[in-house]
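Shown next, in structure tokens, is the structure this report addresses.
Both ligands and their constituent atoms are indexed starting at 1 by order of listing. Values below: all heavy atoms of this structure, side chains included; hydrogens, waters and symmetry mates excluded. Keep in mind the model is a prediction, meaning the values are calculated, not measured.
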Amino acid sequence: MQREIEKVAKLVARAQMVVVLTGAGVSRESGIPTFREAQTGVWANYDPERLATPEGFLADPPLVWRWYDSRRAILADVKPNPGHYAIAEMEKIVAKVLVVTQNIDGLHAKAGSTDVIELHGNITEFHCFDAGHAADDVPFGLEAPPLCHCGSMLRPAVVWFGEALPTAAIHRSTREAQKADVVFVVGTSGLVYPAASIPYIAKDAGAALIEVNPEDTPHTDIADVFLRGPSGEILPRIIEACKSLHSDPSA
Ligand code: BJW
């Protein structure tokens with residue numbers, strides 16, 4: 001593993017531009033269940049298709065509201081972990097670092113990353129279902145969605161299955177991944193599109209692809225380096241290896 005980490009550190013040290021695509025796994029060590037794990041406990045019997053789709057919301061608004069309320073409550077108490085901080089620290093090593101995250105938890109920005117695209121929105125923001133009017137200061141603990149001034153129900157400002165991702169966000173992510181020297185894919189199952197297409201696009205355009213995950217994913221076969229393990233342990237080791245290169249460029 002250390003040899004692979006040093007190989008990745010050399011790629012990073014030489015790169016002008018790095019894109020880091022992240023999924024729920026990067027926040028696991030902050031204590032946030034991954035998307036698939038979020039269907040455990042009291043929510044184990046619910047299908048994500050029922051909870052994370054516009055149809056599911058309209059079929060049972062209080063149910064979906066309470067699911068998001070419980071997840072937003074978990075987030076109120078969590079902090080970035082060493083994986084988030086290592087990604088933020090990469091900005092001191094590489095001229096341009098773009099974080100493209102599927103996560104809705106805001107932890108990359110909290111860790112200090114300055115250029116973050118949130119492909120699937122943010123769970124702390126809200127807008128109304130019918131007209132998209134933004135709403136602030138939505139309290140915790142409501143049993144059902146409150147109403148917008150226009151009468152429509154409020155919903156979390158996240159992207160559900162079957163909904164389009166923000167156009168500018170997916171276009172810029174794709175464009176930058178095509179320009180990047182190195183693309184990291186961290187803590188994502190690689191099952192949800194269009195985010196899952198980014199590593200393939202980057203690889204086709206010539207980027208070195210580095211995957212960090214405790215499990216194999218559909219991206220593992222095309223990764224130039226696969227680092228098996230938790231991102232909160234592996235990413236800081238890459239930063240340390242970059243620093244050693246800096247102090248000993250012949251290494
Ligand atoms: C660790 C770790 C540790 C654990 N360290 N790692 C092409 C082909 C097939 C299907 C489609 C396609 N294009 C579109 C589709 C349909 C659909 C889709 O992809 N379906 C698939 C399931 C088949 N996509 C969509 O519907 C998208 N919309 C769309 O394409 O619209 C088209 C359109 C155009 C114009 C008009 C209208 C429509 C929207 C997708 C939105 C996804 N939204 C969600 C919910 C967000 C809100 C919420 O959180 O509730 O986003 S779904 C869910 O999946 C969430 C996540 O961001 C996303 C990805 O999950 P992620 O991050 O990979 O998490 P997990 O839990 O799956 O995996 C965790 C990973 O971490 C695992 O690998 C672990 O091993 C690892 N791990 N511990 C590192 N310590």
So does E163 have more than 12 non-hydrogen atoms from other groups sitting under 6.0 Å from CD? yes

Centroid-centroid under 6.0 Å between H127 and H133 rings: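 So the answer is no for these two rings.
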
Under 4.0 Å, heavy atoms only, figure out whether ligand 1 is touched by the backbone of [X], its side chain, both or neither.
X	value
H120	side chain
I104	side chain
R71	side chain
L165	side chain

Cation-pi geometry met for R72 and W67 (6.0 Å, 45°):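 So R72 doesn't make the cation-pi contact.
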
Just which atoms of ligand 1 are under 4.0 Å from any heavy atom in [X]?
X	result
R28	78 (N), 80 (N)
G23	62 (O)
V158	47 (C)
E215	75 (O)

When you measure from [atom] to each heavy atom in [options], which option holds the nearest one?
atom	options	value
atom 70 (C) of ligand 1	A195, A196, G187, P194	G187
atom 77 (N) of ligand 1	G25, S27, A52, A24	G25
atom 11 (C) of ligand 1	W160, W67, Y193	Y193
atom 1 (C) of ligand 1	S30, P214, P230, G229	P214
atom 76 (C) of ligand 1	N213, L191, L21	N213

Within the side chain of N81, is there an N or O that forms a donor-acceptor pair under 3.5 Å with the backbone of V26? yes

F140: which other cluster members, linking ILVMFWY side chains closer than 4.5 Å, directly or transitively?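 Members besides F140: none; it forms no cluster.
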
Going by side-chain heavy atoms closer than 4.5 Å, which hydrophobic residues are tied to F226, directly or by a chain of links?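 Members alongside F226: none; it stands by itself.
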
